[in-house]
> 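Mind having a look at this structure? Questions to follow.
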Amino acid sequence: MSNLQSAARDHLWMHFTRLGAYEKADVPIIVKGEGPYVFDSNGKRYLDGLAGLFVVQVGHGRTELAEAAAKQAAELAFFPIWSYAHPRAIELAERIANYAPGDLNRVFFTASGSEAVESAWKLAKQFFKLTGKPDKHKVISRQVAYHGTTHGALSITGIPGLKEPYEPLVPSTVHVANTNFYRAPEHGDDLEAFGRWSADQIDIAIQAEGPDTVCAVFLEPVQNAGGCFPPPPGYFARVREICDKHDVLLVSDEVICAFGRLGEMFGASRYNYQPDIITCAKGLTSGYSPMGAMIASERLVQPFLTGNTTYAHGYTFGGHPVSAAVALANLDIFEREGLNEHVRKNEGAFRETLEKLLDLDIVGDVRGDGYFYGIELVKDKATKETFDEDESELLLRGFLSKALYQAGLYCRADDRGDPVIQLSPPLTCGQEHFDEMEHILRDVLSRAQELL
Ligand code: PMP
């Protein structure tokens, strides 16, 4: 076999990657994982501050998940759930329904988060066609929010730069304000009033589009892109009211926020709201095999339960037996090790440790919940002035991503909104790992300050 470095450069098309960046530089090749750490091809160790990509909840190197996959592959490696069923998909659907809030009892499996989002939009449209409101088809979501990359999901995504190369996209999506309180000066320090205002933007958008044309609102419990925007108090209660008033479905996109990221199986439970649909993926299997799901309420499945009506939608690998077996074993680890309780017990310490960084001039804001945090970087802390495009390029791509990685921390420096560093470590992490993150960030951010 040829050298891995040159083969990576010649043949591997890395996702969301400037391939040009590797014309001269080495591609980082990760070969092994152990607990919250990963190792590269030179044997160097890194703290996995992002759980891969908000995925590896139980940490790396869990042989019992590998064994669950091997056992299932030997017994029944594949069979579709198109008109048929197999035991692992049935068991997992029942288990997810038990964890999901309220009467979200029907589980439609996919292989990814984008597919779960597509499924939710298609279900919302068809449900209303079947129940006498055929014009309801538009979706409201939030600015800068990421909901996936397939055409439908990308249309719901609110990041213009990701969409432009692929336009025209699916029409009929509308984007409203997100809950970025740090950048809402007109609301002073009244978080609750800000929450009310931002929820009301959804009401205004639905009315402007015409309630008869809107089928769903897609929201994450904590918005990832932009750097972890938690919901202000009262936000989701108000959104629920608005959705009920206009008969619009509330879709909680929990591709990141489910399975312990916020210390609960589902983010909606953390913030006490009842969605009509939950979309999830990533942490369902902790990434040991790919899987996603759309979880729908009793009301939404009702029109499909009798007669000839079909939700004419599916994916070959939806409910894959090996992934379902891995998900069940993954959820066993959650129960046995009390991972949600662990997150709830330690999230305060995680926040406090990261907040120490607020003494650096470059750190404007530290925000998030659970094991999910964004650190916003600013040019001037007093005025909250952010970096221009060139500075951001120099800071994030030119310096921070590389320097953090070289210092032994894998995390994400992101400028889809204002520049942020994002942390979302495996749920098994504790104080020693929080300290390790803080020390590395302190050192690298101090150097970034000097650079500027
Ligand atoms: N929705 C949200 C909220 C996400 O964070 C993501 C992925 N980061 C997706 C959808 C898309 O998931 P996938 O990459 O598995 O298609």
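When a ligand or atom number is given, it counts from 1 through the structure's own listing order.
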> Is a donor from one side chain sitting under 3.5 angstrom from an acceptor on the other, for H137 and K125?
no

> To the nearest 0.5 Å, what is the distance between CD1 on I242 and CD on Q207?
9.0 Å

> Name all residues meeting the salt bridge (charged side-chain N to carboxylate O under 4.0 Å, His left out) criterion together with R270; count only those two or more places apart in sequence or in a different chain, and write none if there are none.
E347, D369

> Side chain to side chain contact (heavy atoms under 4.5 Å, CB included) with T386: which residues, sequence neighbours excluded?
R183, D418, P419

> The criterion is side chain to side chain contact (heavy atoms under 4.5 Å, CB included); which residues satisfy it with S289, sequence neighbours excluded?
V322, S323, V326

> Quick one: does K136's side chain have a donor or acceptor within less than 3.5 Å of a partner on V214's backbone?
yes

> Using a 4.0 Å cut-off on heavy atoms, what residues surround ligand 1? Order them by chain and number.
S112, G113, S114, Y146, H147, G148, E220, D253, V255, I256, K282

